Amino acid sequence: MNAFERLKKNPIVAVIRKADEKNIIPIIRALSLGGVKAVEITAETPRVTNLIEMAVAEFEEDVLIGVGTVLDPETARATIIAGAKFIVSPTVNVDTIRLTSRYGVLNIAGALTPTEILTAYENGAQMVKVFPANVFGPDYIKSVHGPLPHIPLMVTGGITLENMNDYFTKGGVAVGIGSNLVNVSKLKTDEDYQLLTNTARKFVNKHKEL
């Protein structure tokens with residue numbers, strides 16, 4: 001099963017910001033125990049390639065490891081070499097899309113308008129991240145999906161337990177969830193990690209209601 005198929009099967013992507021080499025494994029383990037099987041480690045994280053290598057070595061068969069906030073092809077290449085299985089960008093950077101395609105890695109370019117979404121897809125993005133989705137809400141996804149039903153959309157920005165399924169029913173094939181799922185600054189104790197597992201499980205169970 002390739003990364004695209006794995007992501008469609010496990011469409012809740014945990015966006016992890018400000019992690020480090022001490023907590024990245026416990027964070028991903030807690031998410032995995034809760035049923036979240038795809039994570040996006042953001043590229044501005046110090047020593048991000050080390051974190052990717054650690055995560056892939058520990059969880060490669062169980063959790064899909066990707067990188068987010070990728071702004072340029074140089075960052076994409078470095079993180080792909082480290083083991084990232086998908087690349088997520090906040091904008092449409094054609095050079096980044098082409099680089100990931102060259103390496104056979106799933107690219108999820110960030111876009112908002114229909115023109116940006118189509119441009120990303122036509123240049124090789126296999127999935128397009130609609131960001132920031134919360135500016136317009138689930139009905140915007142439905143409106144975009146109407147004329148562009150062939151473009152798989154990942155929805156990111158303001159996704160909560162309460163509104164997540166609305167985005168799925170309106171046409172999203174995956175969602176990216178940041179601080180509403182993973183708030184690294186609050187993970188201090190074993191009880192905090194257990195709470196993270198419980199929160200992950202709530203999102204997964206909510207999606208199962210569809």
Side-chain angles (χ1 to χ4, degrees), residues 1-110 120 123-129 131 152 154 156 173-179 181-184 187 193 196-197 200 203-204:
M1 188 182 299
N2 62 30
F4 183 83
E5 292 167 339
R6 288 178 69 182
L7 197 56
K8 288 187 71 175
K9 182 179 179 181
N10 297 285
I12 298 173
V13 181
V15 181
I16 304 173
R17 294 187 181 278
K18 299 181 179 179
D20 57 37
E21 290 154 318
K22 294 181 179 178
N23 59 26
I24 190 64
I25 298 301
I27 290 170
I28 298 176
R29 181 177 294 115
L31 289 165
S32 178
L33 288 171
V36 171
K37 300 296 184 177
V39 302
E40 172 189 328
I41 304 169
T42 58
E44 81 281 3
T45 305
R47 298 170 63 84
V48 66
T49 54
N50 283 15
L51 271 62
I52 296 164
E53 289 173 356
M54 292 172 62
V56 170
E58 184 77 18
F59 300 105
E60 185 169 19
E61 298 302 319
D62 186 48
V63 181
L64 185 66
I65 307 296
V67 180
T69 321
V70 177
L71 303 178
D72 52 67
E74 293 80 10
T75 302
R77 183 177 184 275
T79 53
I80 289 169
I81 290 172
K85 298 301 186 291
F86 64 96
I87 300 293
V88 184
S89 301
T91 60
V92 179
N93 184 302
V94 173
D95 289 337
T96 299
I97 296 172
R98 290 174 179 167
L99 184 284
T100 57
S101 297
R102 189 177 304 137
Y103 281 87
V105 172
L106 172 63
N107 179 274
I108 308 172
N123 279 280
Q126 296 163 274
M127 188 178 290
V128 179
K129 179 179 80 167
F131 171 81
M154 174 178 169
T156 303
V173 300
V175 296
I177 309 175
S179 59
L181 176 54
V182 186
N183 189 331
V184 174
L187 297 173
Y193 284 96
L196 175 57
T197 294
F203 276 98
V204 171

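These numbers were taken from a predicted model, which means no experiment stands behind them. We use all heavy atoms of the structure for the numbers below, so side chains are in, but hydrogens, waters and symmetry mates are not.
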Is it true that a side-chain atom of [X] and a backbone atom of [Y] form a donor plus acceptor pair closer than 3.5 Å?
X: Lys8; Y: Val173; answer: no
X: Lys85; Y: Gly83; answer: yes
X: Glu53; Y: Asn50; answer: no
X: Thr197; Y: Ala30; answer: yes
X: Thr75; Y: Leu71; answer: no
X: Asp20; Y: Asn23; answer: yes
X: Thr45; Y: Ile41; answer: no
X: Ser89; Y: Val70; answer: yes

Can you tell me how far [atom2] of [Y] sits from [atom1] of [X], rounded to the nearest 0.5 angstrom?
X: Arg77; Y: Ile87; atom1: CZ; atom2: CD1; value: 12.5 Å
X: Leu64; Y: Glu5; atom1: CG; atom2: CD; value: 11.5 Å
X: Phe86; Y: Gln126; atom1: CZ; atom2: CD; value: 12.5 Å
X: Leu181; Y: Leu31; atom1: CG; atom2: CG; value: 5.5 Å
X: Lys9; Y: Phe4; atom1: NZ; atom2: CZ; value: 15.0 Å
X: Glu74; Y: Asp95; atom1: CD; atom2: CG; value: 8.5 Å

Beyond-backbone contact of [X] with [Y], side-chain heavy atoms, under 4.5 angstrom:
X: Arg29; Y: Phe59; value: yes
X: Leu7; Y: Ile108; value: yes
X: Asn107; Y: Val88; value: no
X: Val182; Y: Val15; value: no

Nearest heavy-atom pair of [X] and [Y]: which atoms, and what distance?
X: Ile27; Y: Ala19; answer: CD1-CB, 4.2 Å
X: Ile25; Y: Met54; answer: CD1-O, 3.7 Å
X: Thr156; Y: Phe131; answer: O-CD1, 3.5 Å
X: Val67; Y: Ala84; answer: CG2-CB, 3.5 Å
X: Phe203; Y: Ile12; answer: O-CD1, 3.5 Å
X: Lys37; Y: Ser32; answer: NZ-OG, 2.7 Å

Evaluate side-chain contact (heavy atoms from CB on, under 4.5 Å) for Ile16 paired with Val184, printing each intermediate quantity in order.
CA-CA 7 Å; Ile16 304 173; Val184 174; 4.1 Å; yes
List the steps and the verdict of side-chain contact (heavy atoms from CB on, under 4.5 Å) for Val13 and Val175.
CA-CA 6 Å; Val13 181; Val175 296; over 6 Å; no
Counting only heavy atoms not in Arg6 (residues, nucleotides, ligands), do more than 12 fall under 6.0 Å from its CZ?
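It does: Arg6 CZ has more than 12 such atoms within range.
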Before accepting this row, confirm whether a basic side-chain N of the pair Glu44/Lys18 lies closer than 4.0 Å to the acidic partner's carboxylate O.
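A salt bridge is absent here (no side-chain N lies under 4.0 Å from a carboxylate O).
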Ala120: which residues meet the side chain to side chain contact (heavy atoms under 4.5 Å, CB included) condition with it, sequence neighbours left out?
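With neighbours one apart ignored, the set is Val92, Ile97, Ala109, Ala125, Val128.
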Just do the side-chain contact (heavy atoms from CB on, under 4.5 Å) check on Ile80 and Thr100 with the steps written out, would you?
CA-CA 8 Å; Ile80 289 169; Thr100 57; 4.0 Å; yes
Under the criterion side-chain contact (heavy atoms from CB on, under 4.5 Å), I'd like the reasoning laid out for Ile65 against Ile28: C-alpha separation, chi angles, the key distance, then a yes or no.
CA-CA 9 Å; Ile65 307 296; Ile28 298 176; 4.1 Å; yes
Under the salt bridge (Lys or Arg N to Asp or Glu O under 4.0 Å) definition, can you give me all pairs with a residue in residues 96-106, not counting sequence neighbours?
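Listed once each, the pairs would be none.
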